[in-house]
Amino acid sequence: MKGLAPPRAPALDGMRALFVLGVIAYHLWADAHKWTVDPGNVGVIGFFALSGYLITGLLIKEHDATGRVHMPYFYARRALRLLPALCFFLAIWLAVDLLFQNGQFLATVPSAHTPGRGVSWITGFEAVMAALLYITNWLNVEPHWHLWYGYSPISHLWTLAVEEQFYVIWAPVMILLLRLRRHWATLLTAAIALIALAEPSFLSSSGFNRIYFGTDTRCAALFCGALCAFIGSTNGWRFLRSARWAPLLGGAIVAVIWWSDFALRQEGDRPLWNAGVIACS
């Protein structure tokens with residue numbers, strides 16, 4: 001099964017680096033310097049799209065090579081890839097929390113202007129358990145569902161929770177899609193992505209946290225990435241890469257992402273923010 005692993009793609013590694021820098025820069029300086037852009041959200045959406053693309057491509061490649069998808073192996077591989085590092089991080093963080101409960105750096109995602117507050121061992125333990133169960137995002141949806149107030153010290157793990165929930169749902173769906181002709185599977189994936197993109201617009205009466213942290217509302221980028229993998233499995237990108245107007249298309253894509261960088265900063269304007277999520281995805 002080792003031969004089924006996709007080759008390293010330097011371009012995707014470069015994209016990851018840019019996404020990471022965007023998230024770090026946003027949390028360090030955006031509020032303090034009153035930025036009008038949100039590279040952090042662009043980075044999160046980009047990571048989701050990459051995950052959907054890579055995981056779906058891996059499953060397609062396995063099915064094409066063996067005629068099946070080995071689900072136990074798939075989930076074991078995901079666990080071995082993520083759990084050791086996650087458990088190590090959570091163990092160290094909880095130990096520091098127990099030893100230094102008044103440490104400023106424990107209470108929030110680092111910010112240039114927001115001081116932290118002490119975290120009790122009960123709150124810390126709850127946050128760790130939520131991370132291990134991959135439900136941090138849903139606890140963030142409703143403040144009354146958990147003990148911490150506001151943003152959990154390790155609440156940035158909500159993105160990992162969304163991805164893991166996506167893996168649990170998407171892999172079985174992929175087994176069904178891969179039984180179809182590839183063009184039908186691609187069309188169905190496109191329909192799923194379209195529904196996911198439109199869903200935040202139907203939840204306009206819900207609180208912003210429901211849209212921001214909900215698995216269903218955040219899966220749009222993951223499904224868009226999955227759609228790209230299906231298109232790529234039929235050599236659908238070859239025409240775009242070789243077309244004379246490919247540079248223009250690339251420039252247009254960059255322009256749309258740049259615009260979404262501004263739209264995603266407008267959290268008070270829900271329609272504009274939703275449009276930013278759609279465009280960036």
(message) Could you work out, with side-chain contact (heavy atoms from CB on, under 4.5 Å) as the rule, every residue matching A30, not counting sequence neighbours?
(response) Y26, W35, R265

(request) Taking all non-hydrogen atoms of both residues into account, name the closest pair between V141 and G214 and its distance. (result) CG2-N, 4.3 Å

(message) Applying salt bridge (Lys or Arg N to Asp or Glu O under 4.0 Å), can you list everything that pairs with D269, at least two apart in sequence or on another chain?
(response) none

(request) For R270, check side chain to side chain donor-acceptor pair (under 3.5 Å) against everything at least two apart and list the hits. (result) none

(request) Could you tell me which residues satisfy side chain to side chain donor-acceptor pair (under 3.5 Å) with W170, sequence neighbours excluded, listed by chain and number? (result) T56

(request) Name all pairs fulfilling the side chain to side chain donor-acceptor pair (under 3.5 Å) condition that reach into residues 213-227, sequence neighbours left out, sorted by first residue then second. (result) N41-R218, N137-T215, W138-T215, Q165-T215, R210-D216

Donor-acceptor pairs under 3.5 angstrom involving side-chain atoms of residues 43-50: please list them, not counting sequence neighbours.
none

(message) Considering only residues two or more places apart or on different chains, which pairs with a residue in residues 42-51 satisfy side chain to side chain donor-acceptor pair (under 3.5 Å)?
(response) S51-E163

(message) Can you pull out every side chain to side chain donor-acceptor pair (under 3.5 Å) where at least one residue sits in residues 181-192? Sequence neighbours excluded, please.
(response) D64-R182, R182-S233

(request) Please list, chain by chain and in numerical order, all residues satisfying ring-ring contact (aromatic ring centres under 6.0 Å, His included) with F208, sequence neighbours excluded. (result) Y212, W273

(message) Treating T234 as the side-chain partner and I231 as the backbone partner, does any N or O pair qualify as donor plus acceptor under 3.5 Å?
(response) yes

(message) Tell me if a side-chain donor or acceptor on N209 pairs with a main-chain N or O of N140 at a distance below 3.5 Å.
(response) yes

Which donor-acceptor pairs under 3.5 Å do the side chains of residues 12-25 make with protein atoms, sequence neighbours left out?
residue, atom, partner, partner atom, Å
D13, OD1, R8, NH2, 3.2
D13, OD1, R16, NH1, 2.7
D13, OD2, R8, NH2, 3.1

(request) May I ask you to decide if I55's main-chain N or O and Y167's side chain share a donor-acceptor pair within less than 3.5 Å? (result) no

(message) Just verifying a value: how many Å separate L132 CG and L83 CG, rounded to the nearest 0.5 Å?
(response) 8.0 Å

(message) Test of understanding: clusters of I, L, V, M, F, W, Y form through side-chain heavy atoms closer than 4.5 Å, transitively. Do L80 and Y75 belong to the same one?
(response) no

(message) Run the side chain to side chain donor-acceptor pair (under 3.5 Å) test against Y134 and tell me which residues pass, sequence neighbours left out.
(response) none

(request) Tell me, please, which residues at least two apart from L133 pass side-chain contact (heavy atoms from CB on, under 4.5 Å). (result) I135

